[in-house]
Number of protein chains: 2
Amino acid sequence: MGERSDWAAMRERRMAEHGAADAYDAARLAFELGRAVRDLRERRGWSQAQLAKESGMTQSAVARFEAGGTVPTLPVLERLAAALNVSLSVSFVPRDAAA
Amino acid sequence: MGERSDWAAMRERRMAEHGAADAYDAARLAFELGRAVRDLRERRGWSQAQLAKESGMTQSAVARFEAGGTVPTLPVLERLAAALNVSLSVSFVPRDAAA
DNA sequence: CCAGGACATAGCAACGATGCTATACCAACC
DNA sequence: GGTTGGTATAGCATCGTTGCTATGTCCTGG
(Lines give C-alpha, C1' and ligand atoms only; values in the text may rest on other atoms or scores of the structure.)
Protein backbone atom coordinates (compact mmCIF):
# COMPACT_ATOMS: atom_id res chain seq x y z
CA MET A 1 0.00 0.00 0.00
CA GLY A 2 1.26 3.46 0.13
CA GLU A 3 -0.46 4.30 -3.08
CA ARG A 4 -3.61 4.94 -1.18
CA SER A 5 -1.38 7.82 -0.52
CA ASP A 6 -1.60 10.41 2.21
CA TRP A 7 -5.22 11.29 1.78
CA ALA A 8 -6.40 9.15 4.61
CA ALA A 9 -3.53 10.26 6.77
CA MET A 10 -4.26 13.91 6.13
CA ARG A 11 -7.88 13.49 7.02
CA GLU A 12 -6.82 11.71 10.17
CA ARG A 13 -4.57 14.58 11.06
CA ARG A 14 -7.30 17.12 10.59
CA MET A 15 -9.68 15.07 12.66
CA ALA A 16 -7.13 14.79 15.42
CA GLU A 17 -6.15 18.43 15.45
CA HIS A 18 -9.50 20.05 14.99
CA GLY A 19 -11.72 17.38 16.41
CA ALA A 20 -14.62 15.62 14.78
CA ALA A 21 -16.97 18.14 16.30
CA ASP A 22 -17.72 19.73 12.97
CA ALA A 23 -18.88 16.49 11.41
CA TYR A 24 -20.96 15.77 14.44
CA ASP A 25 -22.48 19.23 14.46
CA ALA A 26 -23.28 19.03 10.79
CA ALA A 27 -25.06 15.74 11.31
CA ARG A 28 -27.04 17.18 14.14
CA LEU A 29 -27.92 20.23 12.10
CA ALA A 30 -29.07 17.95 9.31
CA PHE A 31 -31.26 16.08 11.72
CA GLU A 32 -32.83 19.19 13.16
CA LEU A 33 -33.43 20.75 9.78
CA GLY A 34 -35.05 17.56 8.65
CA ARG A 35 -37.38 17.64 11.59
CA ALA A 36 -38.15 21.29 11.02
CA VAL A 37 -39.10 20.68 7.43
CA ARG A 38 -41.19 17.69 8.36
CA ASP A 39 -43.04 19.78 10.91
CA LEU A 40 -43.71 22.57 8.45
CA ARG A 41 -44.80 20.11 5.84
CA GLU A 42 -47.17 18.20 8.09
CA ARG A 43 -48.52 21.41 9.51
CA ARG A 44 -49.69 22.11 5.98
CA GLY A 45 -51.03 18.65 5.53
CA TRP A 46 -48.74 18.01 2.59
CA SER A 47 -47.34 14.67 1.59
CA GLN A 48 -43.66 14.25 0.83
CA ALA A 49 -44.62 13.89 -2.80
CA GLN A 50 -46.40 17.22 -2.79
CA LEU A 51 -43.57 19.05 -1.12
CA ALA A 52 -41.21 17.38 -3.54
CA LYS A 53 -43.18 18.67 -6.47
CA GLU A 54 -43.43 22.17 -5.07
CA SER A 55 -39.72 22.38 -4.40
CA GLY A 56 -38.57 20.67 -7.55
CA MET A 57 -37.36 17.50 -5.93
CA THR A 58 -38.53 13.92 -5.81
CA GLN A 59 -40.30 12.18 -2.99
CA SER A 60 -37.26 10.05 -2.30
CA ALA A 61 -35.05 13.10 -1.92
CA VAL A 62 -37.47 14.62 0.56
CA ALA A 63 -37.62 11.41 2.55
CA ARG A 64 -33.85 11.14 2.65
CA PHE A 65 -33.55 14.70 3.77
CA GLU A 66 -36.23 14.54 6.45
CA ALA A 67 -34.60 11.47 7.89
CA GLY A 68 -31.36 13.39 8.24
CA GLY A 69 -29.73 10.94 5.88
CA THR A 70 -27.53 13.60 4.35
CA VAL A 71 -26.31 17.05 5.24
CA PRO A 72 -28.35 19.28 2.96
CA THR A 73 -26.84 21.96 0.76
CA LEU A 74 -27.89 25.56 0.88
CA PRO A 75 -29.56 25.56 -2.56
CA VAL A 76 -31.79 22.71 -1.45
CA LEU A 77 -32.67 24.45 1.79
CA GLU A 78 -33.54 27.55 -0.22
CA ARG A 79 -35.85 25.61 -2.45
CA LEU A 80 -37.58 23.94 0.46
CA ALA A 81 -37.98 27.25 2.23
CA ALA A 82 -39.48 28.79 -0.87
CA ALA A 83 -41.91 25.91 -1.29
CA LEU A 84 -42.95 26.11 2.34
CA ASN A 85 -43.23 29.84 2.11
CA VAL A 86 -40.74 30.55 4.85
CA SER A 87 -37.36 32.26 4.83
CA LEU A 88 -34.05 30.53 5.28
CA SER A 89 -31.80 32.18 7.79
CA VAL A 90 -28.11 31.35 7.92
CA SER A 91 -25.90 33.43 10.12
CA PHE A 92 -23.10 33.54 12.62
CA VAL A 93 -24.10 34.55 16.09
CA PRO A 94 -21.95 35.43 19.13
CA ARG A 95 -20.94 32.36 21.04
CA ASP A 96 -23.63 32.45 23.72
CA ALA A 97 -26.69 33.90 22.03
CA ALA A 98 -29.39 31.40 21.13
CA ALA A 99 -30.60 32.31 17.67
CA MET B 1 -28.14 14.81 -30.19
CA GLY B 2 -30.48 12.99 -28.12
CA GLU B 3 -27.76 11.07 -26.36
CA ARG B 4 -27.01 14.02 -24.21
CA SER B 5 -30.27 12.65 -23.03
CA ASP B 6 -32.90 14.34 -20.96
CA TRP B 7 -30.70 15.65 -18.24
CA ALA B 8 -30.39 19.10 -19.63
CA ALA B 9 -34.04 19.16 -20.56
CA MET B 10 -35.08 18.15 -17.09
CA ARG B 11 -33.01 20.85 -15.52
CA GLU B 12 -34.51 23.33 -17.91
CA ARG B 13 -37.97 22.24 -16.93
CA ARG B 14 -37.24 22.63 -13.25
CA MET B 15 -35.79 26.04 -13.85
CA ALA B 16 -38.84 27.09 -15.80
CA GLU B 17 -41.37 25.73 -13.36
CA HIS B 18 -39.78 26.71 -10.11
CA GLY B 19 -37.73 29.64 -11.22
CA ALA B 20 -34.02 30.23 -10.86
CA ALA B 21 -34.61 32.09 -7.64
CA ASP B 22 -33.07 29.36 -5.54
CA ALA B 23 -29.79 29.45 -7.41
CA TYR B 24 -29.74 33.20 -7.18
CA ASP B 25 -30.54 33.16 -3.48
CA ALA B 26 -27.89 30.60 -2.80
CA ALA B 27 -25.31 32.71 -4.59
CA ARG B 28 -26.32 35.75 -2.61
CA LEU B 29 -26.18 33.79 0.61
CA ALA B 30 -22.72 32.62 -0.32
CA PHE B 31 -21.64 36.17 -0.92
CA GLU B 32 -23.02 37.42 2.36
CA LEU B 33 -21.56 34.57 4.36
CA GLY B 34 -18.22 35.23 2.76
CA ARG B 35 -18.38 38.83 3.78
CA ALA B 36 -19.44 37.90 7.28
CA VAL B 37 -16.50 35.57 7.70
CA ARG B 38 -14.12 38.10 6.29
CA ASP B 39 -15.39 40.66 8.78
CA LEU B 40 -15.02 38.32 11.70
CA ARG B 41 -11.59 37.31 10.56
CA GLU B 42 -10.31 40.83 10.06
CA ARG B 43 -11.86 41.92 13.31
CA ARG B 44 -9.53 39.43 14.92
CA GLY B 45 -6.60 40.57 12.85
CA TRP B 46 -6.15 37.13 11.39
CA SER B 47 -4.80 36.36 7.96
CA GLN B 48 -6.56 33.95 5.66
CA ALA B 49 -3.76 31.53 6.30
CA GLN B 50 -4.33 31.67 10.04
CA LEU B 51 -8.04 31.17 9.78
CA ALA B 52 -7.38 28.36 7.36
CA LYS B 53 -5.13 26.65 9.86
CA GLU B 54 -7.56 27.10 12.71
CA SER B 55 -10.45 25.71 10.74
CA GLY B 56 -8.58 22.92 9.05
CA MET B 57 -8.61 24.39 5.57
CA THR B 58 -6.06 25.92 3.27
CA GLN B 59 -5.60 29.58 2.50
CA SER B 60 -6.88 29.09 -1.01
CA ALA B 61 -10.10 27.55 0.23
CA VAL B 62 -10.67 30.47 2.55
CA ALA B 63 -10.03 32.95 -0.23
CA ARG B 64 -12.40 31.17 -2.57
CA PHE B 65 -15.05 31.09 0.08
CA GLU B 66 -14.70 34.72 1.16
CA ALA B 67 -14.98 35.78 -2.45
CA GLY B 68 -18.28 33.96 -2.70
CA GLY B 69 -16.77 31.76 -5.35
CA THR B 70 -18.76 28.74 -4.23
CA VAL B 71 -21.83 28.05 -2.17
CA PRO B 72 -20.38 26.69 1.05
CA THR B 73 -21.54 23.47 2.67
CA LEU B 74 -22.76 23.26 6.22
CA PRO B 75 -19.77 21.28 7.50
CA VAL B 76 -17.46 24.01 6.27
CA LEU B 77 -19.55 26.72 7.86
CA GLU B 78 -19.48 24.79 11.12
CA ARG B 79 -15.70 24.58 11.02
CA LEU B 80 -15.34 28.27 10.30
CA ALA B 81 -17.77 29.15 13.06
CA ALA B 82 -15.86 26.99 15.50
CA ALA B 83 -12.55 28.58 14.51
CA LEU B 84 -13.98 32.06 14.86
CA ASN B 85 -15.58 31.12 18.14
CA VAL B 86 -19.11 31.95 17.05
CA SER B 87 -22.17 29.80 16.56
CA LEU B 88 -23.69 28.89 13.25
CA SER B 89 -27.41 29.41 13.10
CA VAL B 90 -29.46 27.82 10.35
CA SER B 91 -33.19 27.99 10.59
CA PHE B 92 -36.47 28.60 8.86
CA VAL B 93 -38.26 31.74 9.89
CA PRO B 94 -41.78 32.91 9.09
CA ARG B 95 -41.97 34.68 5.78
CA ASP B 96 -41.74 38.25 7.04
CA ALA B 97 -39.50 38.12 10.09
CA ALA B 98 -35.97 39.31 9.58
CA ALA B 99 -33.72 36.93 11.45
C1' DC C 1 -58.06 -10.08 0.27
C1' DC C 2 -56.77 -6.55 -2.67
C1' DA C 3 -56.06 -1.68 -4.11
C1' DG C 4 -54.30 2.73 -3.02
C1' DG C 5 -51.59 6.22 -0.70
C1' DA C 6 -47.62 7.57 2.02
C1' DC C 7 -43.10 6.88 3.44
C1' DA C 8 -38.43 4.41 3.35
C1' DT C 9 -34.43 2.37 0.84
C1' DA C 10 -31.45 0.93 -2.77
C1' DG C 11 -28.50 1.88 -6.46
C1' DC C 12 -26.49 4.58 -9.94
C1' DA C 13 -25.20 8.97 -12.84
C1' DA C 14 -23.75 13.53 -12.59
C1' DC C 15 -22.78 17.82 -10.51
C1' DG C 16 -20.53 20.82 -7.51
C1' DA C 17 -17.87 21.81 -3.32
C1' DT C 18 -13.72 20.86 -1.00
C1' DG C 19 -8.70 19.95 -0.47
C1' DC C 20 -4.45 20.62 -2.26
C1' DT C 21 -0.27 22.54 -4.65
C1' DA C 22 1.61 25.92 -7.20
C1' DT C 23 1.79 30.31 -8.86
C1' DA C 24 0.58 35.16 -9.78
C1' DC C 25 -0.35 39.64 -7.95
C1' DC C 26 0.30 43.43 -4.89
C1' DA C 27 1.61 45.89 -1.29
C1' DA C 28 4.98 47.43 2.42
C1' DC C 29 9.50 47.53 3.78
C1' DC C 30 14.71 46.89 3.68
C1' DG D 1 16.05 46.15 -6.72
C1' DG D 2 14.83 42.35 -3.73
C1' DT D 3 12.35 40.15 -0.04
C1' DT D 4 8.48 39.15 2.76
C1' DG D 5 3.52 38.68 3.85
C1' DG D 6 -1.16 38.62 2.40
C1' DT D 7 -4.49 37.56 -1.03
C1' DA D 8 -6.30 35.79 -5.58
C1' DT D 9 -6.40 32.10 -9.27
C1' DA D 10 -5.60 27.91 -11.68
C1' DG D 11 -5.94 23.13 -12.18
C1' DC D 12 -6.78 18.65 -10.64
C1' DA D 13 -8.29 14.57 -7.47
C1' DT D 14 -11.78 13.14 -4.36
C1' DC D 15 -15.87 13.25 -1.78
C1' DG D 16 -20.66 13.90 -0.81
C1' DT D 17 -25.13 15.48 -2.07
C1' DT D 18 -28.59 15.48 -5.36
C1' DG D 19 -31.67 13.55 -8.99
C1' DC D 20 -33.78 9.77 -10.55
C1' DT D 21 -36.16 5.20 -10.98
C1' DA D 22 -37.64 1.30 -8.89
C1' DT D 23 -39.00 -1.25 -5.23
C1' DG D 24 -40.33 -2.44 -0.42
C1' DT D 25 -43.07 -1.64 3.61
C1' DC D 26 -47.03 -0.31 6.19
C1' DC D 27 -51.52 1.28 6.81
C1' DT D 28 -56.16 2.25 5.58
C1' DG D 29 -60.31 1.48 3.08
C1' DG D 30 -63.03 -0.99 -0.11
Side-chain angles (χ1 to χ4, degrees), chain A residues 3-15 17-18 20 22-23 26-27 29-31 33-35 37-39 41-42 44-80 83 90, chain B residues 3-15 17-18 20 22-23 26-27 29-31 33-35 37-39 41-42 44-80 83 90:
Chain A
E3 6 101 312
R4 70 94 118 117
S5 205
D6 337 78
W7 255 92
M10 290 186 150
R11 295 194 84 99
E12 302 282 329
R13 260 186 66 228
R14 186 158 43 241
M15 292 274 280
E17 288 170 11
H18 301 281
D22 56 300
L29 231 182
F31 194 78
L33 286 171
R35 247 194 353 186
V37 165
R38 169 161 296 189
D39 276 7
R41 176 176 65 81
E42 291 181 338
R44 313 214 149 200
W46 284 4
S47 67
Q48 289 182 341
Q50 274 180 304
L51 174 56
K53 184 176 177 186
E54 294 296 326
S55 55
M57 322 173 55
T58 55
Q59 178 265 325
S60 80
V62 172
R64 180 168 46 191
F65 165 71
E66 284 188 357
T70 59
V71 177
T73 58
L74 293 184
V76 164
L77 291 176
E78 290 275 12
R79 292 216 304 259
L80 288 169
V90 183
Chain B
E3 10 101 309
R4 68 93 117 125
S5 205
D6 335 76
W7 255 92
M10 290 185 151
R11 295 193 84 98
E12 301 282 329
R13 260 186 66 228
R14 184 157 43 240
M15 292 272 282
E17 288 170 11
H18 301 279
D22 55 301
L29 231 182
F31 194 77
L33 286 171
R35 246 194 355 188
V37 165
R38 171 162 296 188
D39 277 6
R41 176 176 65 80
E42 290 180 340
R44 312 213 151 201
W46 285 4
S47 67
Q48 289 181 342
Q50 275 180 303
L51 174 57
K53 184 175 177 185
E54 294 296 325
S55 55
M57 324 173 57
T58 55
Q59 178 265 325
S60 80
V62 172
R64 181 168 46 190
F65 165 70
E66 284 188 357
T70 59
V71 177
T73 58
L74 294 184
V76 164
L77 291 176
E78 289 275 14
R79 293 217 303 260
L80 287 170
V90 183

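Note that this is a predicted model, so its numbers are computed, not measured. Because only heavy atoms are used, hydrogens play no part in the values below, and waters and symmetry mates are left out as well, while side chains stay in.
Distance from the side chain of Val76(A) is smallest to dT18(D) among dT18(D), dC20(D), dC7(C). Picking from dT17(D), dC7(C), dT7(D) the nucleotide with the shortest atom distance to the side chain of Gln59(A) gives dC7(C). Nearest nucleotide to the side chain of Ser60(A), out of dA10(C), dG19(D), dT18(C): dA10(C). Of the candidates dG6(D), dT18(C), dT21(D), dT18(C) carries the atom nearest the Arg64(B) side chain, counting heavy atoms from C-beta on. For Met57(B), the listed nucleotide lying nearest its side chain is dG19(C); candidates were dG19(D), dA8(D), dG19(C). The Thr73(A) side chain lies nearest to dT18(D) when the options are dT9(D), dG19(C), dT18(D).
The environment of Arg35(A) atom CZ is sparse: at most 12 non-hydrogen atoms of other residues, nucleotides or ligands sit within 6.0 angstrom.
At the heavy-atom level, Glu66(A) lies nowhere under 4.0 Å from the strands shown.
For the atom pair CD (Glu54(B)) and CZ (Arg44(B)), the distance works out to 10.0 Å, reported to the nearest 0.5 Å.
Comparing Val71(B) and Ser47(A) against DNA chain C, the residue whose closest nucleotide sits nearer the 5' end is Ser47(A).
When the side-chain nitrogen and oxygen atoms of Thr58(B) are compared with OP1 and OP2 of dT18(C), none of them lie within a distance under 4.0 Å.
Atom CZ of Arg38(A) and atom P of dC7(C) are 8 Å apart (whole Å).
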